[in-house]
Amino acid sequence: MTALEKNELPPINRHLFIQCADELFAEALTGILVVNIRDFKRINHTFGFTVGDHLIAEIFERLVSVKLKQSRVFRVGGDEFGIVLSSLVDPQLLVLAANKVARLLDEPIKIGERLMQVNVHIGYASNSNADYDVENVLREAEILLDEAKRLGRSYVQIDDGNSIKNYDWELESELNLAILSNELELYFQPKISLNQSEKLHFEALARWPHESRGMISPVEFIPLSEQTGAIRPLTKWALHSALRSMSEWPGASSGYSVAVNISVQSLEEDGFSDLVKSALNIWGVNAEDLTLEVTESAFIDEGAKAVECLHKLKSLGVSISIDDFGTGYSCLSYFKSLPADELKIDRCFVEHLLDSGDDKHLIQLMIDLGHRFDMEVVAEGIENQETFDVLAGMGCDYIQGFYLAKPMSETKLIEWLKVYQKKSD
Ligand code: C2E
Ligand code: MG
Ligand code: MG
C-alpha cells in the first residue's frame, strides 16, 4: 500500500517545525534541513494533483524512514519539508545529512504504473554560531537552498565557494544603503524594430557603481536583493527612474517606450499594480509606453497571486514580456491563459544560431509560437551582422544586442538618440 492509500498526506505545519527547532536550539547543537521538491509545480501541471499528492506522501515517508540520528520531519509548505536534527556532534555532519536525503530519491517513485524520478534542493544550517536564533538559522538554510536551486544542484557544500561563510553580509547592507541613497544607475539598451515600428524601444538595466569594487553587475546584486527583500525598493526605484528618464528624452515624433525588468517577487507583493499605476501618473507616461519584462519561470512557477497581478497590470494597458524565453520549462500550457504581449528569445539560443542547425530550428519554433499567440518576438544578444540578417529573415520582430548598441548611461543615450534621429531623417 502506498503512503497516500494509507491516508497519510502530511499536513502543512511550518509553525511546529520552527517551534521544535527553537526548543532544541536552547539545549544543544542542533541542525535543520529544508528540502524542496524540484519542479513540483510543473509535476502538478503535467501529471495532475493526485500524482502530486502521492509524491508528497511518498517523499515524506522516505524522509521519516531515513536513519538520521534523532530527527523530526515536518511538512512546511506545499512542496517543502523541514527536518530538525538534534544532538548534532559537528555542524559539518549536516552536509552528510543533506547527501543522505538527496540519495533517498535516487530510486524512482512508483505511482500507479508510472515510475517517477524526483529530485530535491536542500538547504541546511545549525546554531553553531552562538548568536544565532532560529530566524537566523532558517534564513541561512534558505540562502543555501536558493543557491542550490540557482546552480541546479541538490545541495551546495559550505566550503565549495558558494558558501554561507562567503555570503557577503557587507555587500548586503551596502546595497540597501545604495538603493536608499539613489546610488544605483539605470542603463538603456535599444530594441530595434524590423517592422518599421515608429516607436523607439529601450530596455532599462540596473547598474551599481560601487566605490571600491567598480561597476557591480545586476547578475550579482539582483539575486542578493531578492534574498534580502531589497528587491522591493529596488524595483520601485527602477520603475520611477525609467519613467522619469523617458519623460525627459528629447521629443521624438514617433515616441518612446521603455521596458523595466521585474522580479517575480514583485508580482506577489500586495499593491504592485497600484505602484505601477501611480508611477505612470507621476511621470505622465501612457501605460502603452511601458513594458514589464518577467522571466519565463515566473509564468509557470508562481501561484495565483502573481497571475492575478499580471492580469491587473495588463488591464492598466501595460505590455507584458516573457524574458529569457526557452530557458525555463518545457510545459507551455501557460500560454493559453497568460496575458503576455512579447516573447524574448534567450541569448543562449542566439549565440549558436550560425553554427547549430538545432538552435536555428528552435528559434524558428519560438518565433512561430510567439506569433501564433499574437506576441511580438524579440531576439536578445545579437553580436554580429550575420546573426542579425538570419534573424531578420526568420521573421523576428525586434533585435537587441551589442551589435546594434550596448546598454548605455542616460547621458550616452541622449547622444545616441541625436545621432540615430539624424540618420533616420
Ligand atoms: P535580461 O533582462 O535578460 O537583460 C539582458 C542582458 O543581456 C543584459 O545584461 C544585457 O546587458 C545583456 N546583453 C544584451 N545584449 C547582449 C549581447 O549582444 N551580448 C551579450 N553578451 N550580452 C548582451 P545585464 O545588464 O548584466 O542584466 C542581467 C540581468 O539582470 C537582466 O537580464 C535582468 O534579468 C536582470 N536585471 C537587470 N536590471 C534589472 C532590474 O532593474 N530589475 C530586475 N528585477 N532585474 C534586472
Ligand atoms: Mg530583460
Ligand atoms: Mg533576457
Side-chain angles (χ1 to χ4, degrees), residues 150 175 178-179 182-192 201-209 214-245 257-269 272 275-276 279 290-299 306 319-328 340-354 366 370 377-388 391 396 398-410 412-413:
R150 195 177 66 78
L175 176 60
I179 299 167
N182 213 14
E183 282 169 31
L184 300 195
E185 281 180 30
L186 271 190
Y187 273 41
F188 296 90
Q189 187 181 31
K191 296 185 203 175
I192 302 288
H201 300 260
F202 294 89
E203 176 175 8
L205 294 156
R207 298 285 181 269
W208 180 8
M215 192 64 97
I216 303 181
S217 154
V219 174
E220 204 172 327
F221 66 82
I222 295 291
L224 180 67
S225 72
E226 287 173 341
Q227 278 169 5
T228 61
I231 189 68
R232 205 181 172 118
L234 191 153
T235 305
K236 186 172 176 187
W237 162 83
L239 254 174
H240 278 270
S241 306
L243 296 178
R244 194 261 314 137
S245 185
S257 123
V258 73
V260 177
N261 289 282
I262 299 294
S263 176
V264 189
Q265 271 164 266
S266 300
L267 298 176
E268 292 181 324
E269 276 167 23
F272 181 68
L275 176 90
V276 173
L290 174 66
T291 298
L292 299 177
E293 295 193 6
V294 191
T295 49
E296 187 195 6
S297 55
F299 287 84
S319 296
I320 309 289
S321 171
I322 308 176
D323 206 349
D324 304 339
F325 185 73
T327 57
D341 308 271
E342 181 182 275
L343 186 156
K344 294 187 82 173
I345 301 173
D346 193 73
R347 195 171 77 224
C348 66
F349 299 99
V350 173
E351 240 168 31
H352 301 293
L353 173 67
L354 299 178
M366 292 188 240
V377 180
V378 184
E380 301 186 294
I382 285 73
E383 295 190 350
N384 52 57
Q385 173 82 48
E386 294 93 306
T387 312
F388 177 97
L391 284 162
C396 219
Y398 290 89
I399 297 283
Q400 191 178 4
F402 293 173
Y403 171 62
L404 298 154
K406 287 194 168 173
M408 47 202 147
S409 67
E410 205 174 347
K412 282 253 166 65
L413 171 75

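We count ligands from 1, going down the list as the structure has it; atoms in each ligand are counted the same way.
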Using a plain distance cutoff, I'd like to know if [X] has any nitrogen or oxygen under 3.5 Å from a nitrogen or oxygen of ligand 1.
X      : result
Ala206 : yes
Thr295 : no
Phe402 : yes
Arg347 : yes

Next item on the list: Check Leu290, Thr235, Ile262 against Val276 for a side-chain contact (heavy atoms from CB on, under 4.5 Å) and give me the one that passes.
Entry: Leu290
Smallest separation among heavy atoms of [X] and [Y], with atom names:
X      : Y      : answer
Phe221 : Leu184 : CE1-CD1, 4.2 Å
Pro190 : Gln400 : O-CG, 3.4 Å
Ala242 : Val260 : CB-CG2, 3.6 Å
Gly326 : Phe349 : O-CZ, 3.4 Å
Val258 : Phe188 : CG2-CE2, 4.0 Å
Val377 : Gly370 : CG2-CA, 4.0 Å

Using a strict 4.0 Å cut-off to heavy atoms of [X], name the atoms of ligand 1 that fall inside it.
X      : result
Asp323 : 1 (P), 2 (O), 3 (O)
Gln189 : 14 (C), 15 (N)
Ile382 : 18 (O)
Ser263 : 44 (N)

Note to self: Side chains of Ser321 and Glu342: any donor to acceptor distance under 3.5 Å?
What the structure shows: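 Per modelled atom types, Glu342 and Ser321 side chains form a pair under 3.5 Å.
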Checklist line | Whether Asp341 side chain and Ile320 backbone form a donor-acceptor pair below 3.5 Å | finding: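 Yes: the side chain of Asp341 pairs with the backbone of Ile320.
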Check: Side chain of Asn384, backbone of Tyr403: donor and acceptor closer than 3.5 Å?
Finding: no
At the 4.0 Å heavy-atom cut-off, does [X] count as touching ligand 1?
X      : answer
Arg207 : yes
Glu203 : yes
Gln400 : no

Next item on the list: Step by step, work out the side-chain contact (heavy atoms from CB on, under 4.5 Å) result for Asp324 and Glu380.
Entry: CA-CA 8 Å; Asp324 304 339; Glu380 301 186 294; 3.4 Å; yes
Just to confirm my output: which protein heavy-atom neighbour is closest to [atom], and how far is it?
atom                    : value
atom 21 (N) of ligand 1 : Glu383 OE2, 3.1 Å
atom 3 (O) of ligand 1  : Asp324 OD1, 3.0 Å
atom 5 (C) of ligand 1  : Glu380 OE2, 4.0 Å
atom 42 (N) of ligand 1 : Asn261 O, 3.2 Å
atom 26 (O) of ligand 1 : Pro218 CG, 3.5 Å
atom 11 (O) of ligand 1 : Pro407 CG, 3.3 Å

Notebook entry, point to check: Is atom 32 (O) of ligand 1 in close reach of the protein, with a heavy atom under 4.0 Å away?
Noted result: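 Within 4.0 Å: no protein heavy atom nearby.
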Note to self: Under 4.0 Å from atom 9 (O) of ligand 1, is there at least one protein heavy atom?
What the structure shows: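 Neighbour list for atom 9 (O) of ligand 1 is empty of protein heavy atoms (cut-off 4.0 Å).
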Examine the proximity of ligand 1 to [X] and report which part, side chain or backbone, both or neither, has a heavy atom under 4.0 Å away.
X      : value
Lys406 : neither
Asp346 : neither
Ile222 : side chain

Notebook entry, point to check: For Gln265, which residues count as a side chain to side chain donor-acceptor pair (under 3.5 Å) partner, sequence neighbours excluded?
Noted result: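 Checked Gln265 against side chain to side chain donor-acceptor pair (under 3.5 Å); zero matches.
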Margin query: Please compare Val219, Leu234, Val350 and report which has the shortest non-hydrogen distance to atom 28 (C) of ligand 1.
Written below: Val219
Note to self: No waters, cut-off 2.8 Å: how many protein N, O or S atoms are close to the Mg ion (ligand 2)?
What the structure shows: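 Count of protein N, O, S atoms less than 2.8 Å from the Mg ion (ligand 2): 4.
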Item checked: Rounded distance (nearest 0.5 Å) linking atom CG of Leu239 with atom CG of Asn261 -> 10.5 Å
Next item on the list: Quick one: pull up CZ in Arg232 and CZ in Phe272 and give me the separation to the nearest 0.5 Å.
Entry: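 Rounded to the nearest 0.5 Å, the CZ-CZ separation comes to 10.0 Å.
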Margin query: Pair Phe388, Leu404 - check side-chain contact (heavy atoms from CB on, under 4.5 Å), show working.
Written below: CA-CA 9 Å; Phe388 177 97; Leu404 298 154; 3.9 Å; yes
Item checked: Given Lys344, Lys191, Gln189, the one that forms side-chain hydrogen bond (donor to acceptor under 3.5 Å, both in side chains) with Glu203 -> Lys344
Check: Are Arg244 and Glu410 close enough for a salt bridge, meaning some N to O gap below 4.0 Å?
Finding: yes
